[in-house]
Amino acid sequence: HLREVDFVPFRPGTGVSVYEFLHKFETWSRGMMSLDQKANLLYNKHLDAAITDGNKELEEAKEDYHAMKALRIEKWGVPDIV
(Lines give C-alpha, C1' and ligand atoms only; values in the text may rest on other atoms or scores of the structure.)
Protein backbone atom coordinates (compact mmCIF):
# COMPACT_ATOMS: atom_id res chain seq x y z
CA HIS A 1 0.00 0.00 0.00
CA LEU A 2 1.66 3.19 -1.19
CA ARG A 3 1.14 6.43 0.67
CA GLU A 4 0.43 9.67 -1.14
CA VAL A 5 3.65 11.59 -1.83
CA ASP A 6 3.46 14.90 0.05
CA PHE A 7 6.76 16.35 -1.13
CA VAL A 8 8.36 17.36 -4.42
CA PRO A 9 11.58 16.01 -5.91
CA PHE A 10 14.68 17.48 -4.28
CA ARG A 11 16.26 20.39 -6.07
CA PRO A 12 18.77 22.70 -4.41
CA GLY A 13 17.79 26.32 -4.03
CA THR A 14 14.07 25.75 -3.54
CA GLY A 15 13.98 26.57 0.16
CA VAL A 16 13.76 22.92 1.23
CA SER A 17 17.00 21.72 2.80
CA VAL A 18 18.43 18.34 1.96
CA TYR A 19 17.76 17.34 5.58
CA GLU A 20 14.09 18.30 5.39
CA PHE A 21 13.70 16.51 2.06
CA LEU A 22 15.38 13.32 3.30
CA HIS A 23 13.27 13.37 6.47
CA LYS A 24 10.08 13.62 4.38
CA PHE A 25 11.26 10.90 2.00
CA GLU A 26 12.21 8.55 4.83
CA THR A 27 8.96 9.20 6.71
CA TRP A 28 6.98 8.53 3.54
CA SER A 29 8.88 5.34 2.60
CA ARG A 30 9.31 3.86 6.10
CA GLY A 31 8.17 0.25 6.27
CA MET A 32 7.15 0.09 2.62
CA MET A 33 10.31 -0.98 0.81
CA SER A 34 13.86 -2.26 1.13
CA LEU A 35 16.88 0.05 1.14
CA ASP A 36 17.64 -0.99 -2.45
CA GLN A 37 14.11 -0.07 -3.52
CA LYS A 38 14.33 3.25 -1.67
CA ALA A 39 17.62 4.08 -3.41
CA ASN A 40 16.20 3.26 -6.82
CA LEU A 41 13.02 5.25 -6.22
CA LEU A 42 14.94 8.20 -4.83
CA TYR A 43 17.24 8.26 -7.85
CA ASN A 44 14.56 7.76 -10.49
CA LYS A 45 11.61 9.75 -9.12
CA HIS A 46 12.51 12.01 -6.22
CA LEU A 47 15.66 13.82 -7.32
CA ASP A 48 15.35 16.58 -9.87
CA ALA A 49 16.82 15.73 -13.28
CA ALA A 50 19.26 18.63 -12.85
CA ILE A 51 20.89 16.56 -10.10
CA THR A 52 20.90 13.14 -11.76
CA ASP A 53 21.70 14.04 -15.39
CA GLY A 54 25.35 13.29 -16.03
CA ASN A 55 26.12 12.64 -12.36
CA LYS A 56 28.24 9.48 -12.63
CA GLU A 57 28.92 9.26 -8.88
CA LEU A 58 25.21 9.36 -8.08
CA GLU A 59 24.35 6.93 -10.87
CA GLU A 60 26.83 4.41 -9.44
CA ALA A 61 25.19 4.72 -6.02
CA LYS A 62 21.59 4.45 -7.22
CA GLU A 63 21.18 1.02 -5.65
CA ASP A 64 22.74 1.92 -2.29
CA TYR A 65 20.45 4.14 -0.22
CA HIS A 66 23.04 4.96 2.45
CA ALA A 67 25.56 6.04 -0.20
CA MET A 68 22.96 8.16 -2.00
CA LYS A 69 21.95 9.82 1.26
CA ALA A 70 25.58 10.52 2.18
CA LEU A 71 26.28 12.00 -1.26
CA ARG A 72 23.28 14.35 -0.98
CA ILE A 73 24.29 15.52 2.50
CA GLU A 74 27.92 15.94 1.46
CA LYS A 75 26.91 18.05 -1.54
CA TRP A 76 24.06 20.14 -0.09
CA GLY A 77 24.23 19.74 3.68
CA VAL A 78 25.30 22.54 5.96
CA PRO A 79 28.17 21.41 8.21
CA ASP A 80 26.87 23.50 11.13
CA ILE A 81 23.60 21.55 11.15
CA VAL A 82 25.32 18.17 11.24
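Because the structure is a prediction, the values reported are computed rather than measured.
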*Results of side chain to side chain contact (heavy atoms under 4.5 Å, CB included) for Ala70 - residues two or more places apart only*: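 If we apply the side chain to side chain contact (heavy atoms under 4.5 Å, CB included) test to Ala70, skipping adjacent residues, there are no hits.
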*Under the side chain to side chain contact (heavy atoms under 4.5 Å, CB included) test, which residues partner Val5, sequence neighbours left out?*
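Checked Val5 against side chain to side chain contact (heavy atoms under 4.5 Å, CB included); matches are Phe7, Trp28, His46.
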Roughly how far apart are [X] [atom1] and [Y] [atom2], rounded to 0.5 Å?
X	Y	atom1	atom2	answer
Asp6	Thr27	CG	OG1	8.5 Å
Leu71	Met68	CG	CE	8.0 Å
Glu20	Thr14	CD	OG1	8.5 Å
Leu42	Leu35	CG	CG	11.5 Å
Asp53	Leu58	CG	CG	10.5 Å

_Shortest non-hydrogen contact from Val8 toward Phe21_ =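 What the structure gives for the nearest pair is O-CE1, 3.6 Å.
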*List the atom of Lys38, the atom of Phe25, and the distance in Å for their closest heavy-atom pair.*
O-CZ, 3.6 Å
*Under the ring pair (Phe, Tyr, Trp, His ring centres under 6.0 Å) criterion, do Phe10 and Trp76 qualify, and how do the steps go?*
CA-CA 11 Å; Phe10 178 72; Trp76 288 290; 5.6 Å; yes
*Which pairs, with at least one residue in residues 57-69 and sequence neighbours excluded, count as a side chain to side chain donor-acceptor pair (under 3.5 Å)?*
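Sorted result for residues 57-69: Glu26-Tyr65, Glu26-Lys69.
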*What do the steps show when you test Leu47 against Arg72 for side-chain contact (heavy atoms from CB on, under 4.5 Å), and what is the final call?*
CA-CA 10 Å; Leu47 294 178; Arg72 297 308 85 218; 4.2 Å; yes
*So, the side chain of Asn44 versus the backbone of Asn40: is there a donor-acceptor pair under 3.5 Å, distance only?*
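Yes.
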*Examine distances only and state if a side-chain atom of Asp48 and a backbone atom of Ile51 form a donor-acceptor pair shorter than 3.5 Å.*
no
